[in-house]
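Worksheet: the structure to be examined is printed underneath.
What you are looking at is a predicted structure, and each value in this text was computed from that prediction instead of being measured.
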Amino acid sequence: MTVAQVLLALELIGTFAFAVSGALLAAKKGFDIVGSLLLAGLAGLGGGVIRDLIVGQGVPTAFAAPLYLIPVAAAALAVFCHLIREDRLRRTLLIFDAVGLSLFCVMGSTIAYTAGLNPVAVTLLGVITAVGGGTLRDIVANEVPQIFNPDGVYAAPAFLGAAATTAGLYWEVFDGFAAVAIALMVFIIRILALKLRWRVPLAVLGLPRKARGE
C-alpha cells in the first residue's frame with residue numbers, strides 16, 4: 001500500500017471510531033436514531049471540517065467526498081443494531097474516542113503539512129483535528145468536553161502525536177509505518193491515562209480538586 005492509501009484507511013477508521021463514540025453517547029442520553037446520526041456525524045467529521053476550514057482548501061472533504069459519510073452511517077447502525085453494545089457504556093465510548101484521537105492527530109498534521117503550513121501550525125492543526133469532533137459531540141450532548149476534563153490527559157497525547165508526525169514529515173522520514181506507530185503511541189498513552197487516572201494540573205496552582213465546579 002502507498003502512503004496515501006494508508007492515510008486514507010487511517011482517516012476512515014478514525015472517522016468510524018469517533019462516530020461510534022458519538023452514537024454511544026446518543027444511546028447514553030436516550031436520543032433517537034436521528035440524534036445518534038447527528039452526534040456520530042459531529043464526532044466523526046467535525047474535526048476534519050474544522051481543519052479544512054482553517055486550511056482554506058475549499059469545500060471540506062467531509063462534504064466533497066460522500067465516502068466519509070459511510071463510516072458515520074455504519075457507526076450509528078452498529079450501535080442501533082447492538083453490534084457495538086452499550087455494556088460498560090462509558091468505557092466503550094472512551095476507547096473508541098481514543099482510537100479517533102490517535103488517528104486524527106496524525107491525519108490533521110499530514111494535511112496541514114501538505115497545505116504548506118509552518119511546523120508550529122502543522123502541529124496545532126493536528127491537535128485541533130484530533131479534539132475538534134469530540135468537543136463538538138460533547139457540547140451538543142450537554143457534556144463537559146473531554147479536553148476540559150482534568151481526570152485523564154486528552155489533548156497532551158494528541159499534541160505528542162501531532163508533534164511526532166510534524167517532525168517526521170519535515171525530516172522526510174514519515175511513511176505509512178510511521179503513521180501507524182505514532183497513532184498506536186497516542187492510543188496507548190490515552191488508555192494508560194484513563195486506566196492509571198493520570199491528571200493534569202488545575203487552572204489555579206494549589207486549588208483542591210474537590211473545589212471543581214463550585
Side-chain angles (χ1 to χ4, degrees), residues 1-25 39-52 54-55 60-62 65 67-76 78 84 92-115 122-138 145-147 152-169 174-194:
M1 294 180 68
T2 65
V3 175
Q5 290 173 326
V6 171
L7 293 175
L8 176 61
L10 291 179
E11 185 160 25
L12 291 175
I13 294 171
T15 299
F16 176 78
F18 260 141
V20 167
S21 75
L24 287 172
L25 182 56
L39 282 190
L42 284 173
L45 304 174
V49 170
I50 294 172
R51 173 200 66 209
D52 293 344
I54 292 175
V55 171
T61 304
L67 175 65
Y68 290 91
L69 300 178
I70 296 176
V72 173
I84 298 177
T92 306
L93 191 159
L94 290 175
I95 288 175
F96 276 99
D97 183 76
V99 173
L101 182 82
S102 64
L103 296 173
F104 271 35
C105 68
V106 175
M107 290 307 309
S109 299
T110 303
I111 292 174
Y113 173 81
T114 303
V122 169
T123 301
L124 290 178
L125 197 55
V127 177
I128 291 171
T129 305
V131 305
T135 301
L136 291 174
R137 173 201 65 207
D138 293 340
Q146 285 296 314
I147 192 173
V153 293
Y154 189 71
F159 181 83
L160 289 176
T165 302
T166 302
L169 288 166
F174 184 82
D175 55 17
F177 292 105
V180 174
I182 292 171
L184 183 60
M185 174 194 71
V186 174
F187 176 77
I188 290 174
I189 293 175
R190 172 60 176 160
I191 294 300
L192 285 176
L194 292 170

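- Checked by atom type and distance alone, the side chain of D97 never pairs as donor or acceptor with a backbone atom of S21 at under 3.5 Å.
- Residues T165 and Y113 are not in side-chain contact: their nearest non-hydrogen atoms beyond the backbone lie 4.5 Å or more apart.
- Taking every heavy atom of both residues into account, S102 and A183 meet most closely at CB-O, 3.0 Å.
- The shortest distance between side-chain heavy atoms of V20 and T92 does not fall below 4.5 Å.
- Here the closest heavy-atom approach between residue V99 and residue A17 is recorded as CG1-CB, 3.5 Å.
- Counting heavy-atom neighbours within 6.0 Å of F187 CZ, excluding the residue itself, gives a total above 12.
- Side-chain contact between T15 and F104: present, with at least one pair of heavy atoms (C-beta onward) separated by less than 4.5 Å.
- To the nearest 0.5 Å, atoms CG (L45) and CG (L42) are separated by 8.5 Å.
- Closest heavy-atom contact between I191 and A98: CD1-CB, 4.0 Å.
- The closest side-chain heavy-atom distance from V106 to F174 is below 4.5 Å.
- Checked against T61 for a side-chain contact (heavy atoms from CB on, under 4.5 Å), the options D52, L67, V49, I111 give a single hit: D52.
- The two residues P71 and A19 come nearest to each other via the heavy atoms O-CB, 4.2 Å.
- To the nearest 0.5 Å, atom CG of residue D175 and atom CG of residue L7 are 9.5 Å apart.
- Residues I128 and R51 have side chains not in contact (no heavy-atom distance under 4.5 Å, counting atoms from C-beta outward).
- How far CZ of F96 is from CG of L25: 14.0 Å, rounded to the nearest 0.5 Å.
- One finds the CZ atom of R190 at 13.5 Å from the CG atom of L160 (value rounded to the nearest 0.5 Å).
- Residue F18 comes nearest to L101 through the heavy atom pair CZ-N, 3.4 Å, listed as atom of the first residue, atom of the second, then distance.
- Taken to the nearest 0.5 Å, the CG atom of L103 stands 10.0 Å off from the CG atom of L184.
- In terms of heavy atoms, T129 sits closest to L125 at OG1-O, 2.7 Å.
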